[in-house]
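These notes are about the structure you will find just below.
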Amino acid sequence: MKVAVIVFPGSNCDFDVYYALKEVSGIPAELVWHKEKSLKGFNGAVLPGGFSYGDYLRAGAIAKFSPVMEEVKKFALEGKPVLGICNGFQILTEAGILPGALLRNKNLKFLCQDVYLRVENKNPIFMKYLKEGDVIKLPIAHMDGNYFCDEETLKDLIEKGQIAFRYSSPDGEIKENSKFNPNGSLYSIAGVLNREGNVLGMMPHPERYVEKLLGSKDGLYIFKSLKKFFTG
């Protein structure tokens with residue numbers, strides 16, 4: 001098993017993800033420049049956070065044209081795990097790999113704070129160590145994290161079980177128009193899955209909370225689950 005951490009111009013969480021994968025979770029990982037046209041030898045891919053291409057036009061709008069994205073699309077179609085974190089989530093939606101879009105935060109300000117997430121889906125790849133209804137704490141750091149989709153898509157996401165996480169209170173209560181949904185996301189959505197369940201996009205940063213020294217180990221659930229998927 002080996003995971004590719006895709007590095008775009010402007011990525012700034014690439015080494016954090018690499019460390020969380022390799023040093024903390026024991027998953028072999030390698031940094032891969034966005035101009036690569038092959039991901040041969042890799043079993044999964046992570047698109048890390050940052051500001052690819054300076055977020056010109058829109059967050060992720062230019063990065064979706066990077067050569068490596070054709071391989072990421074193939075990974076998604078082949079059922080290989082693909083995780084997009086923050087800017088990575090934005091890129092996955094811009095590329096059409098995940099539904100919806102990430103708009104400017106409702107208060108038009110950059111947000112950097114801890115949030116609580118309620119687990120909405122028992123996913124065998126990314127949430128093997130979590131169960132529906134669990135609440136975890138992770139940090140956010142974004143300007144464009146306001147998830148949006150049309151009514152039909154939202155209905156489909158709910159019916160197909162593609163909503164991975166929703167912003168909540170510490171006790172798991174969903175309050176859409178409150179401080180617990182800081183960016184104003186529709187239906188308090190913080191993360192979504194593709195229909196097959198092998199692609200996850202999420203705005204909060206699990207790689208920043210993988211050790212107690214950092215303030216929490218809740219992000220480790222995601223990476224431990226990924227390792228369990230690979231090793232069985």
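At a cut-off of 3.5 Å, with distance as the only test, a side-chain donor of D114 or Y209 sits close to an acceptor on the other residue.
Here D134 pairs with V119, L130, K131 under the side-chain contact (heavy atoms from CB on, under 4.5 Å) rule; sequence neighbours left out. Applying the side-chain contact (heavy atoms from CB on, under 4.5 Å) test to M143 and every residue at least two apart in sequence or in another chain returns R104, F110. Residues meeting the side-chain contact (heavy atoms from CB on, under 4.5 Å) test with T93, sequence neighbours left out: F89, L98, L102. With sequence neighbours left out, Y18 forms a side-chain contact (heavy atoms from CB on, under 4.5 Å) with K22, A29, L31. Every residue was checked against the salt bridge (charged side-chain N to carboxylate O under 4.0 Å, His left out) condition with K128, not counting sequence neighbours, and none meets it. Partners of D14 by salt bridge (charged side-chain N to carboxylate O under 4.0 Å, His left out), not counting sequence neighbours: none found. Residues forming a salt bridge (charged side-chain N to carboxylate O under 4.0 Å, His left out) with E151 (at least two apart in sequence, or on another chain): none.
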Checklist line | side chain to side chain contact (heavy atoms under 4.5 Å, CB included) between F8 and S66, intermediate numbers included | finding: CA-CA 8 Å; F8 300 90; S66 290; 3.7 Å; yes
Next item on the list: May I have the step-by-step check of side chain to side chain contact (heavy atoms under 4.5 Å, CB included) for M1 and T231, ending in yes or no?
Entry: CA-CA 8 Å; M1 63 172 177; T231 59; 3.9 Å; yes
Next item on the list: Before giving the answer on side chain to side chain donor-acceptor pair (under 3.5 Å), spell out for N194 and N198 the whole-Å C-alpha distance, their side-chain angles and the decisive distance to 0.1 Å.
Entry: CA-CA 7 Å; N194 67 341; N198 64 299; 2.9 Å; yes
Next item on the list: Dump the intermediate steps for side chain to side chain contact (heavy atoms under 4.5 Å, CB included) on L226 and L21, then the final yes or no.
Entry: CA-CA 9 Å; L226 188 58; L21 286 167; 4.2 Å; yes
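Q162 approaches P99 most closely through the heavy-atom pair NE2-CG, 4.4 Å. Among all heavy-atom pairs drawn from A4 and V32, the shortest one is CB-CG2, 3.7 Å. Between P206 and I222, the closest heavy-atom pair is CB-CG1, 4.0 Å. Counting all heavy atoms, side chain and backbone alike, A164 lies closest to M127 at CB-CE, 3.9 Å. Closest of all the heavy-atom pairs between P204 and A190 is CD-O, 3.6 Å. Looking at every heavy atom in both residues, C149 comes nearest to L186 through O-CD2, 3.4 Å.
At a threshold of 4.5 Å between non-hydrogen side-chain atoms, the residues V199 and L193 do not count as touching.
Separating the CZ atom in F180 from the OG atom in S168 is a distance of 8.0 Å, to the nearest 0.5 Å. Here CG of N12 is found 10.0 Å from OG of S52. Values are rounded to the nearest 0.5 Å. L138 CG to Y116 OH: the interatomic distance, rounded to the nearest 0.5 Å, is 11.0 Å.
The existence of a salt bridge linking K73 and E71 is excluded, since no basic side-chain nitrogen approaches an acidic carboxylate oxygen closer than 4.0 Å. Taking the charged nitrogens against the carboxylate oxygens, E152 and K155 have no contact shorter than 4.0 Å, which rules out a salt bridge.
Hydrophobic cluster of L57: the remaining members, joined at side-chain heavy-atom separations below 4.5 Å, are Y53, Y56, I62, listed by chain and number.
Geometrically, R166 engages Y187 in a cation-pi contact, judged by NZ or CZ lying under 6.0 Å from the ring centre and within 45° of the ring axis.
Each of L108, N107, L103 was scored for a side-chain contact (heavy atoms from CB on, under 4.5 Å) with N105, with one residue passing: N107.
In this structure, the side chain of N181 does not engage the main chain of Y167 through any donor-acceptor pair within 3.5 Å. N87 places no side-chain N or O within donor-acceptor distance of the main-chain N or O of I91, the cut-off being under 3.5 Å. Without hydrogens or angle criteria, Q113 side chain to P139 main chain gives no donor-acceptor distance under 3.5 Å.
Pairs passing the salt bridge (Lys or Arg N to Asp or Glu O under 4.0 Å) check and including a residue from residues 194-205, sequence neighbours excluded, read D156-R195. Evaluation of the salt bridge (Lys or Arg N to Asp or Glu O under 4.0 Å) test over residues 206-230, restricted to residues two or more places apart or in two chains, returns none. Pairs engaging residues 42-61 under the salt bridge (Lys or Arg N to Asp or Glu O under 4.0 Å) rule: R58-E94 [sequence neighbours left out]. Residue pairs satisfying the salt bridge (Lys or Arg N to Asp or Glu O under 4.0 Å) criterion with at least one member in residues 167-187, sequence neighbours excluded, are listed as follows: E173-K175.
Shown here is K35, whose NZ atom has no more than 12 heavy atoms of other residues, nucleotides or ligands within 6.0 Å. Heavy-atom contacts from other residues, nucleotides or ligands closer than 6.0 Å to NZ of K74 number 12 or fewer.
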